[in-house]
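The figures here come from the full heavy-atom set of this structure, side chains too, leaving out hydrogens, waters and symmetry mates. Sequential numbering from 1 along the given sequence is applied to the chain's residues. In listed order, ligands and their atoms are each counted from 1.
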Amino acid sequence: MDKVSTTGRRLPPVQGTASAEDIAAIVKKLRDTFNTRKTHDINWRMGQLKAMRAMLKEHYREFIDALTYDTGRPLYEAWTGDVFCAQNEIDVAIKGLKKWVRPRPLEPDFGFFPSKAWTVLDPLGVTLVIAPWNYPLELVMNPTVGAIGAGNCVVIKPSEIAPHTSGLVAKYVPQYMDNDAVAVVEGGVAQTTALLAQHFDHIFYTGNGRVGRIVLEAAAKNLTTVNLELGGKCPAFFTKNAKMQVACRRLAWGKFYNNGQTCTAPDYVLVEKSVEQPFLECMAKTIKEFYGDDPQKSEDYGRIVNVHHFRRVVALLKDQQVYVGGRTDESDLYIEPTVLVNVSPDSPLMQEEIFGPVMPVIAVPDLETAIQFVNARPKPLAQCIYTEDRGEERMILERTTAGGVDINTANLHSATPGIPFGGVGPSGMGTYHGKLSFEAFSHRKSVIRQGTWTELVSQAINPPYTKWKWNLAKFLSGTY
Ligand code: NAD
């Protein structure tokens with residue numbers, strides 16, 4: 001595959017042009033479409049999903065170039081992290097949709113004999129997808145697959161911090177998809193704020209927790225349901241029973257992929273003291289194996305998205321003890337793959353999500369201490385466990401919580417279609433991917449139909465409530 005230059009191609013953030021009135025008109029148009037029931041039709045849904053698939057297939061090269069320009073990512077990571085994951089999600093939906101829409105039968109209580117019950121999934125209506133910059137295509141496409149698969153209209157708001165990708169989404173979505181049901185609004189805070197002032201039937205937001213709270217507040221005004229896909233500090237447990245070299249490679253891949261700008265990336269490592277030194281040596285060796293002697297020259301090593309985030313991450317390095325790396329170059333938005341040791345849990349580095357290629361290593365005497373360390377902090381989006389010991393694995397799984405867990409790997413549970421993905425507490429609410437995306441954008445409606453060929457039960461529950469009815473009710477409820 002050809003290479004593209006990842007420097008000097010970046011654009012400033014998108015300055016949206018849509019006014020509050022434009023946005024209100026877009027939402028109204030979509031609501032009118034929804035009310036025609038056009039989007040309920042399974043063939044319409046399938047057609048839209050196939051159109052999304054065709055859009056990615058026919059323009060994948062433009063998309064991966066755009067992703068590379070926006071994020072400074074290697075092409076391979078643009079392809080695997082965004083385009084490939086989005087394609088997978090669409091394929092899973094196309095394959096599963098006809099099954100997912102089927103009514104699900106239930107067993108009604110015999111007390112309501114003769115009756116039959118089932119659930120059906122109703123589309124919610126007009127929905128909103130707000131995406132961040134770190135996987136700016138995948139995180140636009142994946143929720144949209146759920147919205148469309150479930151029969152909704154959708155407004156897509158790409159991140160202004162990924163302007164090339166945002167521009168392509170705004171260019172191609174109208175060419176491939178039904179413009180009466182799917183709209184793209186480009187822009188920044190002004191446009192997102194105007195969107196949030198509208199009444200949506202579901203909002204799917206991916207990004208940081210500060211804005212997550214703004215979204216939740218706006219949604220509360222209309223009692224709109226939300227998915228909040230947030231972030232936080234994801235711990236990695238590295239025990240004395242980890243398979244050293246394999247575990248270091250998996251951990252380094254998870255951490256340094258997309259330059260550490262992955263929501264599920266291990267943020268910091270809790271390593272058992274007895275293996276701290278071999279771990280550090282192995283990690284240093286692994287970084288060299290991945291990116292060579294000078295990672296700045298490696299075509300396989302990404303960059304920080306912009307100067308704001310570059311300076312934020314560099315500030316976190318202040319007063320830290322570097323074991324590997326530590327060099328930075330603002331003109332290239334480059335931060336060397338960096339491993340820090342003797343990190344104080346009270347340092348600023350340990351208070352916020354790093355979202356960069358910096359790996360703090362904290363040595364702990366034992367697993368118990370590591371568990372207590374994690375439990376004393378906000379519930380993370382993801383957790384990595386590196387061990388060959390199933391007992392240790394079970395102990396961590398039982399004693400801690402997280403949105404999802406990657407054992408002897410990283411990021412994989414979020415990249416595998418069909419595996420539920422979402423946070424817990426401050427790292428998010430709701431899950432999606434595969435069938436769950438479809439369910440996130442649906443209302444599960446319960447239906448019960450009572451037969452009319454006998455009045456047996458009705459006679460027992462209708463007034464007047466005579467003595468024999470009381471006795472029967474008491475008998476059936478076990479009160480006697
Ligand atoms: P971002 O800056 O692109 O913001 C996300 C969206 O919020 C954008 O569309 C933006 O327009 C909108 N926004 C920003 N400020 C706003 C405001 N004041 N009011 C209304 N809307 C506003 O992306 P980000 O938040 O920097 O993304 C990185 C964060 O997202 C990290 O914390 C990361 O962990 C998290 N993340 C989570 C997931 C997940 O699936 N759980 C995935 C990717 C990223």
**Asked** Hey, what's the ring geometry for F438 with W100, parallel, tilted or perpendicular (30° and 60° as the breaks)?
**Response**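 Because their plane-to-plane angle lies in the 30° to 60° range, the rings of F438 and W100 count as tilted.
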Would you say ligand 1 has an N or O under 3.5 Å from any N or O of [X]?
X: K157; answer: yes
X: G207; answer: yes
X: H309; answer: no
X: W133; answer: yes
X: T193; answer: no

Flag for [Y]-[X]: side-chain donor and acceptor within less than 3.5 Å:
X: Q321; Y: N342; result: yes
X: Y135; Y: T262; result: yes
X: D70; Y: W133; result: no
X: N222; Y: T224; result: no

May I ask you to identify the nearest protein heavy atom to [atom], giving residue, atom name and distance to one decimal place in Å?
atom: atom 6 (C) of ligand 1; answer: A131 O, 3.5 Å
atom: atom 27 (O) of ligand 1; answer: P132 CB, 3.5 Å
atom: atom 41 (N) of ligand 1; answer: L230 O, 2.7 Å
atom: atom 36 (N) of ligand 1; answer: C263 CB, 3.5 Å
atom: atom 10 (C) of ligand 1; answer: E160 OE1, 3.3 Å
atom: atom 17 (C) of ligand 1; answer: V189 CG1, 3.8 Å
atom: atom 40 (O) of ligand 1; answer: F421 CE2, 3.2 Å
atom: atom 31 (C) of ligand 1; answer: E353 OE1, 3.5 Å

Measure [X] to ligand 1 on non-hydrogen atoms and call it side chain, backbone, both or neither using the 4.0 Å cut-off.
X: N134; value: side chain
X: S427; value: neither
X: V211; value: side chain

I'd like to know if the side chain of [X] and the backbone of [Y] have a donor-acceptor N/O pair within less than 3.5 Å.
X: H202; Y: T225; answer: yes
X: E89; Y: N142; answer: no
X: E353; Y: G232; answer: yes
X: N152; Y: F441; answer: yes

**Item:** Within-shell test, G423 vs ligand 1, heavy atom, strictly < 4.0 Å
**Value:**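 G423: no contact with ligand 1 (<4.0 Å).
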**Asked** Any non-hydrogen atom of Y135 lying under 4.0 Å from ligand 1?
**Response**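 It does not; every heavy atom stays at 4.0 Å or beyond.
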Taking only heavy atoms of [X], which atoms of ligand 1 are found under 4.0 Å from at least one of them?
X: L381; result: 41 (N)
X: E229; result: 37 (C), 38 (C), 39 (C), 40 (O), 41 (N)
X: I161; result: 2 (O)
X: L139; result: 42 (C), 43 (C)

**Message:** Consider salt bridge (charged side-chain N to carboxylate O under 4.0 Å, His left out). Of D82, D300, D65, which one does R73 pass it with?
**Reply:**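 So, applying the salt bridge (charged side-chain N to carboxylate O under 4.0 Å, His left out) to R73 and each of D82, D300, D65, only D82 qualifies.
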**Message:** Regarding atom 20 (C) of ligand 1: of the candidates V140, T192, N306, which has the closest heavy atom?
**Reply:**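 Closest candidate by heavy-atom distance is T192.
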**Prompt:** Of T400, V405, T387, V269, which is the lone residue that meets side chain to side chain contact (heavy atoms under 4.5 Å, CB included) with F237?
**Reply:**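 Of the listed residues T400, V405, T387, V269, the side chain to side chain contact (heavy atoms under 4.5 Å, CB included) partner of F237 is T400.
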**Set of residues satisfying side-chain contact (heavy atoms from CB on, under 4.5 Å) with respect to C234, sequence neighbours excluded** =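 By the side-chain contact (heavy atoms from CB on, under 4.5 Å) rule, C234 matches L381, A382.
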**Item:** Output field: ring centroids Y60/W79 closer than 6.0 Å
**Value:**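 When the ring centroids of Y60 and W79 are compared, they turn out to be within the sub-6.0 Å range.
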